[in-house]
Chemist: 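Once you've had a glance at the structure underneath, I'll fire off some questions.
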Amino acid sequence: MSLFTDLAYQYIDGEWRPGSGSWDIIDFNPYDGEKLASITVATAAEVDQAYRAAERAQVAWGETSPYSRRAVFENALRIIEEREQEITEAIIAELGGTHLKAGFELHLAKEFLREAIQLALRPEGRILPSPVDGKENRVYRLPVGVVGVISPFNFPFLLSIKSVAPSLALGNAVVLKPHQNTPICGGSLVGKVFEDAGLPPGLLNVVITDIAEIGDALIEHPVPKAISFTGSDRVGQHVAMVCAANFKRAILELGGNSALIVLDDADIDYAVDAAVFSRFVHQGQVCMAANRVLVDRSVEKEFTEKFVAKVRTLKVGDPSDPATHIGPLINSRQADAVTSLVKQTVEAGATALLHGGSDGNLVEPSVLTGIATDSPVLGQEIFGPVALIVPFDGEDEAVRIANDTPYGLSGAVHTANIERGVRVAKRINTGMIHINDSTVHDEPIVPFGGEKHSGSGRLNGESMIEAFTTQKWISVQHGRSHFPF
């Protein structure tokens, strides 16, 4: 695809240029192994150039009227709508995303751009009273300056835009580093959209590289005042430590081990539909996915039979086929890890109601039950098409099992009694939870984020203002202060 070869470059200070590192990132199609692009990595020196360009460009941008800034996002939205087919094909090729997944990602990306248009106008200053006669306290809401954004491989176009667009809308400049498995959809393509939308040079820079080349240069660099990272909790913990050591703000959106809880009065057919989607959308490579499906023992038999029957209908194969539900995992390492995890869990005594095979990066769905309560599989994030069905007796046990994990990102509760569902939801230690719906949701104006190992800070809506601006107190003495000496 020409899009991949055309965008196989670094984007620094408004220029597309090759990196100067000593090795290349090879971008592969995870379904058929086709080489999409070869990109020479950026060095630490180029990371520095990107940050310095952002620092220079941000001064004028931060002083630009927010009414002028928002025109860029209106243009970007129009460009994505015009190029939707091309972007869809890129998501399918680079991520192994299905048509359904690509449509979901593009829909949300457009919604976040619409929110960025409004966000530019939202920061407000305040005038606060003072106990000192004649003094006026002004509190200004200002851009933080430069933001570093590190995006993941599972929803790279969306999750890059989700931090890039509000950062820019609020008057900041950005240096974006996409995941090395999705350098185009998560990086160069985002840069191209904003370049064509009329964003001034230097305000958005894209560096395609790896920690093996640059170490911690991206997060240690003195220019960025905030780092927005989406990825695993292991890497997120490292990012948080480096940010803390360098007095930077860290916004961390990390992994999950969400529970979808089916209470005894739930609509079973509907709960099955929600659970299958929550577990298997994008092959289970979603931080909000329902790793664990907790089912009241009184309805366990009916739910399990219907759940397994529905999972059997999911088509595994070529993601470019609109009929495909489950495409490939992102790489062979991930496919091997998921396959091995299922094998180990079954060998440890679990029952495989479905035991999916694998072919390259294609991994068929597995449904496991009868899992020992102390099994490590119950406490971890599974980034693949594996569902764990766990029975419980009553609400208290459901809550205990749901909370028995170091993660706390999303969740769902299914019940005929809405207020009962809310009472249970309030007891789950998670940043987001949904009544009678799937566990996989994101909306532009709600606070998105997790508890425990699932991250710190929130994104979306007003939370974007907290994440990407700072407050400055300027006092004005209209009279004369009296000093003790």
Side-chain angles (χ1 to χ4, degrees), residues 256-281 284 286 288-314 342 345-346 348-356 365-382 384-405 407-430 433-441:
N257 182 18
S258 300
L260 185 145
I261 301 172
V262 182
L263 298 179
D264 55 6
D265 61 347
D267 179 331
I268 299 302
D269 291 333
Y270 178 67
V272 165
D273 289 346
V276 170
F277 174 81
S278 298
R279 177 58 266 182
F280 295 106
V281 63
V286 183
M288 296 173 281
N291 273 14
R292 300 166 298 153
V293 181
L294 312 187
V295 187
D296 190 281
R297 207 174 295 274
S298 65
V299 296
E300 177 192 6
K301 184 175 186 296
E302 179 187 2
F303 177 91
T304 301
E305 288 175 353
K306 291 181 174 179
F307 182 85
V308 172
K310 188 172 183 70
V311 174
R312 287 186 189 276
T313 69
L314 301 179
V342 172
T345 305
V346 171
T351 299
L353 302 175
L354 278 180
H355 193 158
S366 292
V367 180
L368 309 181
T369 191
I371 304 159
T373 56
D374 61 350
S375 173
V377 74
L378 292 173
Q380 68 186 83
E381 180 177 44
I382 306 172
V386 182
L388 312 177
I389 296 182
V390 182
F392 63 83
D393 293 298
E395 293 176 13
D396 289 345
E397 187 174 26
V399 170
R400 180 188 62 76
I401 295 171
N403 286 334
D404 189 18
T405 174
Y407 298 98
L409 185 58
S410 188
V413 181
H414 280 253
T415 174
N417 185 328
I418 298 298
E419 296 310 316
R420 180 191 185 194
V422 172
R423 287 195 301 271
V424 171
K426 285 181 175 179
R427 298 172 64 191
I428 309 300
N429 298 328
T430 186
I433 191 162
H434 311 285
I435 310 301
N436 292 336
D437 212 333
S438 80
T439 61
V440 180
H441 286 286

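Heavy atoms only: backbone and side chains are in, while hydrogens, waters and symmetry mates are out. As the structure is a prediction and not an experimental result, all values here were calculated from the model.
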Chemist: When rounded to the nearest 0.5 angstrom, what is the spacing between CG in Asn403 and CZ in Arg427?
Modeler: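 Reported value, rounded in 0.5 Å steps: 8.5 Å.
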Chemist: If I compare all heavy atoms of Thr439 with all of Ala289, which pair ends up nearest, and what's the gap?
Modeler: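 Scanning both residues completely, I find the closest heavy atoms to be OG1-C, 3.7 Å.
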Chemist: Determine the minimum heavy-atom distance between Gly379 and Asn257, stating which atoms define it.
Modeler: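 Shortest heavy-atom contact: C-ND2, 3.4 Å.
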Chemist: Can you sort out the partners of Phe307 under ring-ring contact (aromatic ring centres under 6.0 Å, His included), two or more places apart, ordered by chain and number?
Modeler: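 Checked Phe307 against ring-ring contact (aromatic ring centres under 6.0 Å, His included); matches are Phe303.
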Chemist: Of all residues at least two apart in sequence or in a different chain, which pass the ring-ring contact (aromatic ring centres under 6.0 Å, His included) check with His355?
Modeler: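 Not a single residue meets the ring-ring contact (aromatic ring centres under 6.0 Å, His included) criterion with His355.
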Chemist: Side chain to side chain donor-acceptor pair (under 3.5 Å) with Arg420: which residues, sequence neighbours excluded?
Modeler: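 Side chain to side chain donor-acceptor pair (under 3.5 Å) check on Arg420 returns Asp264, Asp265, Glu395.
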Chemist: I need the minimum non-hydrogen distance between Leu294 and Ala259, along with the two atoms involved.
Modeler: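 Distance-wise, the nearest heavy atoms are CD1-CB, 3.9 Å.
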Chemist: Which atoms form the tightest heavy-atom contact between Phe392 and Val262, and what is the distance?
Modeler: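 Taking Phe392 first and Val262 second, the nearest heavy atoms are CZ-O, 3.3 Å.
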Chemist: A side-chain contact here means heavy atoms from C-beta on lying under 4.5 Å apart; do Ile371 and Leu378 qualify?
Modeler: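 With C-beta onward as the side chain, the pair touches.
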Chemist: Does either side chain, that of Thr415 or that of Asn417, offer a donor lying less than 3.5 Å from an acceptor on the other one?
Modeler: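 On atom types as modelled, these side chains do not qualify, holding no pair under 3.5 Å.
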Chemist: Could you tell me which non-hydrogen atom of Pro391 sits nearest to which non-hydrogen atom of Ile401, and how far apart they are?
Modeler: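 Scanning both residues completely, I find the closest heavy atoms to be O-CD1, 4.0 Å.
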Chemist: Could you walk me through whether Glu419 and Arg423 pass the salt bridge (charged side-chain N to carboxylate O under 4.0 Å, His left out) test, one step at a time?
Modeler: CA-CA 6 Å; Glu419 296 310 316; Arg423 287 195 301 271; 6.0 Å; no
Chemist: Got a sec, which residues hit side chain to side chain contact (heavy atoms under 4.5 Å, CB included) with Lys310, two or more places apart in sequence or on another chain?
Modeler: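 With neighbours one apart ignored, the set is Val272, Asp273, Val276, Thr313.
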Chemist: Under the side chain to side chain contact (heavy atoms under 4.5 Å, CB included) test, which residues partner Asp437, sequence neighbours left out?
Modeler: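 Only Tyr270, His434, His441 meet the side chain to side chain contact (heavy atoms under 4.5 Å, CB included) criterion with Asp437.
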Chemist: Identify the residue among Glu305, Arg312, Lys306 that makes a side chain to side chain contact (heavy atoms under 4.5 Å, CB included) with Val308.
Modeler: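 Per the side chain to side chain contact (heavy atoms under 4.5 Å, CB included) rule, the option paired with Val308 is Arg312, out of Glu305, Arg312, Lys306.
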Chemist: So, for Ala387 and Arg279, which heavy atoms are closest and what is the spacing to 0.1 Å?
Modeler: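 Ala387 and Arg279 have their closest heavy atoms at CB-CG, 3.7 Å.
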Chemist: Rounded to the nearest 0.5 Å, how far apart are CG of Asn291 and CD of Gln380?
Modeler: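 Taking CG in Asn291 and CD in Gln380, the distance rounds to 8.5 Å.
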Chemist: State, yes or no, whether a side-chain contact exists between Asp296 and Leu263 at a heavy-atom distance under 4.5 Å.
Modeler: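 The answer is no; the side chains never approach within 4.5 Å.
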Chemist: Mark yes or no for whether Ser438, through its side chain, and Ala274, through its backbone, hold a donor-acceptor pair below 3.5 Å.
Modeler: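 Answer holds: no.
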Chemist: Tell me, please, which residues at least two apart from Thr345 pass side chain to side chain contact (heavy atoms under 4.5 Å, CB included).
Modeler: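 Leu341, Ala350, Leu368, Val377.
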